[in-house]
Structures are given as structure tokens and as C-alpha cells.
Chemist: 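Here you go, one structure.
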Amino acid sequence: MGICPVGGVVEGARGGCWAMVLWARPGRDEDERAVVRRLSRARKAPRDVVMRARMVELSWSGLPVPAIAVELGCSQKTARCWLHRFNRSGLPGLEDLGGQGRKRRITEEERSGIIALVKMVPPGRLRWEPVG
């Protein structure tokens with residue numbers, strides 16, 4: 001067996017290609033199922049997390065990966081990736097991994113000092129003071 005040129009498809013013993021079926025694992029308990037249902041309908045949660053929870057819920061309802069991808073407007077590879085992460089890690093697997101993005105170059109102390117310096121009146125500039 002090997003990988004077919006078509007993404008997400010595995011080559012059979014006789015050379016034919018067949019689709020690899022992937023489903024989200026059942027919820028470990030009723031609490032996990034309730035959290036996934038609540039997240040998939042949330043309006044205040046991050047959009048990415050809501051979409052990932054919808055992927056899991058649609059998989060639980062019996063939709064295959066291609067139908068989930070069409071329903072949510074994403075690629076099959078994306079849907080497979082998040083279903084695999086949910087199967088492996090559960091609810092924490094729906095969250096983004098930390099550590100992304102550029103690291104800060106200055107400390108918070110240095111940043112506060114720069115902001116205080118910017119708020120000061122430049123030297124040599126006349127200041128207007130109310131008479132009274």
C-alpha cells in the first residue's frame with residue numbers, strides 16, 4: 001500500500017485507489033460532547049475554534065470528510081488535520097498551539113519607558129499654560 005497521487009486517498013493492493021475514511025472519535029463523556037456542541041454554536045468564541053468544533057460535530061452526525069469540507073468551505077486536508085488532532089488530544093486539540101508569531105524584541109519595562117518618553121514635551125518647545 002502507498003499514497004495515491006490524489007490527496008487523502010490510499011492505493012489498494014491491485015493498484016486501484018480508494019478513499020480513506022476518517023471519523024471523529026466519540027466523545028469521552030457527556031461533558032465533552034456538550035462542550036463540542038456548545039462551541040460549534042458559540043458566537044463569542046474564536047472563529048477558528050468554532051469551525052473546528054463544527055467539523056467534529058458534523059463528523060459525529062455521519063458526514064464524511066469531503067462533505068464536511070464542502071459544508072464549511074475549507075479543504076479536505078484541513079478537515080482531516082483537525083479531526084486527527086481531536087482524535088489524538090480531545091478538546092485541547094481544537095485550540096491553536098501557542099508560540100506562533102514573532103517574539104518580542106523589547107521587554108515590557110522598555111516599552112513603558114518609550115511610551116512615557118513619547119508623551120513628554122520635546123525639549124526646546126514652548127509650552128502653553130493657562131493664565132490665571
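Since we're looking at a predicted model, the values are computed, not measured. For the single chain, residues carry numbers from 1 onward in sequence order. Just the heavy atoms: all of them, side chains too, but no hydrogens, waters or symmetry mates, feed the values below.
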Chemist: Rounded to the nearest 0.5 Å, how far does CZ of Phe86 lie from CG of Leu91?
Modeler: 6.0 Å
Chemist: Do Arg47 and Val50 come close enough that some side-chain heavy atom pair is under 4.5 Å?
Modeler: no
Chemist: What I'd like to find out is whether the side chain of Ser75 reaches to under 4.5 Å of the side chain of Thr78, using heavy atoms alone.
Modeler: yes
Chemist: Tell me whether Lys44 at atom NZ has more than 12 heavy atoms from other residues, nucleotides or ligands lying less than 6.0 Å away.
Modeler: no
Chemist: Going by atom type alone, with no hydrogens or angles, which donor-acceptor pairs under 3.5 Å involve a side-chain atom of residues 105-115 and a protein atom two or more places apart or on another chain?
Modeler:
| residue | atom | partner | partner atom | Å |
| --- | --- | --- | --- | --- |
| Thr107 | OG1 | Glu110 | N | 3.2 |
| Glu110 | OE1 | Thr107 | N | 2.9 |
| Ser112 | OG | Glu108 | O | 3.1 |

Chemist: Testing the basics here: between Gly27 and Arg33, what is the closest heavy-atom pair and its distance to 0.1 Å?
Modeler: O-NH1, 2.9 Å
Chemist: Over all heavy atoms of both residues, which pair between Ala79 and Ile68 is shortest? Give the atoms and the distance, please.
Modeler: CB-CG2, 4.4 Å
Chemist: Would you check if the side chain of Arg28 reaches a backbone N or O of Gly90 as a donor-acceptor pair within less than 3.5 Å?
Modeler: no
Chemist: Do the side chains of Val36 and Val49 join up, straight or via other hydrophobic residues, at under 4.5 Å, putting them in one cluster?
Modeler: yes
Chemist: For Arg37, what residues pass the side-chain hydrogen bond (donor to acceptor under 3.5 Å, both in side chains) criterion, not counting sequence neighbours?
Modeler: Glu30
Chemist: Please lay out, stage by stage, how Glu32 and Val35 fare under the test side chain to side chain contact (heavy atoms under 4.5 Å, CB included).
Modeler: CA-CA 5 Å; Glu32 187 178 62; Val35 169; 5.8 Å; no
Chemist: In the single-linkage hydrophobic clustering (I, L, V, M, F, W, Y; side-chain heavy atoms under 4.5 Å), do Leu72 and Trp82 co-cluster?
Modeler: yes
Chemist: Could you list the donor-acceptor pairs under 3.5 angstrom formed between side-chain atoms of residues 52-66 and any protein atom two or more places apart in sequence or on another chain?
Modeler:
| residue | atom | partner | partner atom | Å |
| --- | --- | --- | --- | --- |
| Arg52 | NH1 | Leu94 | O | 2.8 |
| Arg52 | NH1 | Asp96 | OD1 | 3.0 |
| Arg52 | NH2 | Asp96 | OD1 | 2.8 |
| Glu57 | OE1 | Ser40 | OG | 2.7 |
| Glu57 | OE1 | Arg41 | NH1 | 3.1 |
| Glu57 | OE2 | Arg41 | NH1 | 2.8 |
| Glu57 | OE2 | Arg41 | NH2 | 3.4 |
| Ser59 | OG | Ala24 | N | 2.7 |
| Trp60 | NE1 | Arg25 | O | 2.8 |
| Ser61 | OG | Leu58 | O | 2.7 |

Chemist: Can you tell me how far CD of Glu95 sits from CG of Leu39, rounded to the nearest 0.5 angstrom?
Modeler: 7.5 Å
